[in-house]
Amino acid sequence: VESQVEDLRALLSALAFEEPVDLVGHSYGAVIALAFALEYTAKVRRLVLVDPPLPPTDSGAVLRFLGQPPETIAASLPESLRGLMTTDGTSRRSRNLEQSLRFLAEETNLPAALAEAWDAPDDLLESLPLPTLLLGGTESPCHVAVERLAALIPDHRLVWIKAGHFLPLEATAEVTREIGAFLSDG
């Protein structure tokens, strides 16, 4: 997590952003966004966390999911996503989803990072001064982590969306609407 936070800091520095940014992250990206906001609070204006897999989320379940054959992954996806991943891999969207999942499981440090289970200390979360939108999937294994963040982050807005962990794919319009409304306020 620390190296991705530093990569993000370096990117913002290289792009010469003068003003604080609005930071949005989903899943592991939400973990990076939160860690960045806690470390570099002055560089962030508003924070959006979409279903972050923080403890007490079962990171082992995520790793087991990513390690399955494509047909097993397709069968276990929420019904709204099953059509995106055909078991024969014939559609472009199916191939893209399968490639993305394989890339996450095999070519990134996501499995190791999840195994480490980075966590934000409660006292830092309680003192986070940023307006924060928390989007959680009602069917996601990360719902407990979202509830924890809502109990600790003082200036937050919590929105539950009837979906699993793949909120941006399962409920694209609702996620887009909520993030757009949050970022356009103030």
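Reckoned from all heavy atoms, side chains included, excluding hydrogens, waters and symmetry mates.
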Nearest 0.5 Å please: distance from the [atom1] atom of [X] over to the [atom2] atom of [Y].
X: Glu2; Y: Phe36; atom1: CD; atom2: CZ; value: 14.0 Å
X: Leu38; Y: Leu130; atom1: CG; atom2: CG; value: 8.5 Å
X: Glu139; Y: Leu167; atom1: CD; atom2: CG; value: 10.5 Å
X: His156; Y: Leu134; atom1: NE2; atom2: CG; value: 6.0 Å
X: Leu23; Y: Tyr40; atom1: CG; atom2: OH; value: 13.0 Å
X: Ile32; Y: Leu8; atom1: CD1; atom2: CG; value: 8.5 Å

How close do [X] and [Y] get, counting heavy atoms only, and between which atoms?
X: Val31; Y: Pro53; value: CG2-CD, 3.7 Å
X: Ala30; Y: Leu49; value: O-CD2, 3.4 Å
X: Gly136; Y: Asp51; value: CA-OD1, 3.7 Å
X: Val48; Y: Phe182; value: CG2-CD2, 3.7 Å
X: His165; Y: Cys142; value: ND1-SG, 3.6 Å
X: Thr138; Y: Lys162; value: OG1-CA, 3.3 Å

Exercise. Begin from the C-alpha positions of Val1 and Tyr28 and carry the test side chain to side chain contact (heavy atoms under 4.5 Å, CB included) through to its verdict.
Key: CA-CA 9 Å; Val1 171; Tyr28 187 63; 3.6 Å; yes
Exercise. Return yes if some donor-acceptor pair links the side-chain N/O of Arg9 with the main-chain N/O of Glu39 below 3.5 Å, else return no.
Key: no
Quiz item: With a 4.5 Å limit on heavy-atom distance, are the side chains of Pro52 and Leu34 in contact?
Solution: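 No, every pair of side-chain atoms sits at 4.5 Å or beyond.
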Quiz prompt | Leu152 and its side-chain contact (heavy atoms from CB on, under 4.5 Å) partner, picked from Leu128, Asp122, Leu124 | solution = Asp122
Quiz prompt | Salt-bridge present (Arg157, Glu178; N to O < 4.0 Å) | solution =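 Salt bridge between Arg157 and Glu178, a charged N being under 4.0 Å from a carboxylate O: yes.
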Quiz item: Any salt bridge between Asp119 and Arg148, counting N to O under 4.0 Å?
Solution: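 A salt bridge links Asp119 with Arg148.
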Practice problem: Evaluate side chain to side chain contact (heavy atoms under 4.5 Å, CB included) for Lys43 paired with Phe17, printing each intermediate quantity in order. | Solution: CA-CA 9 Å; Lys43 295 184 181 297; Phe17 277 97; over 6 Å; no
Practice problem: Could you walk me through whether Leu47 and Ile153 pass the side chain to side chain contact (heavy atoms under 4.5 Å, CB included) test, one step at a time? | Solution: CA-CA 11 Å; Leu47 183 61; Ile153 296 175; 5.7 Å; no
Quiz item: For Leu183 and Leu133, what are the C-alpha separation, side-chain angles and deciding distance, and is it a side chain to side chain contact (heavy atoms under 4.5 Å, CB included)?
Solution: CA-CA 9 Å; Leu183 295 179; Leu133 173 62; over 6 Å; no
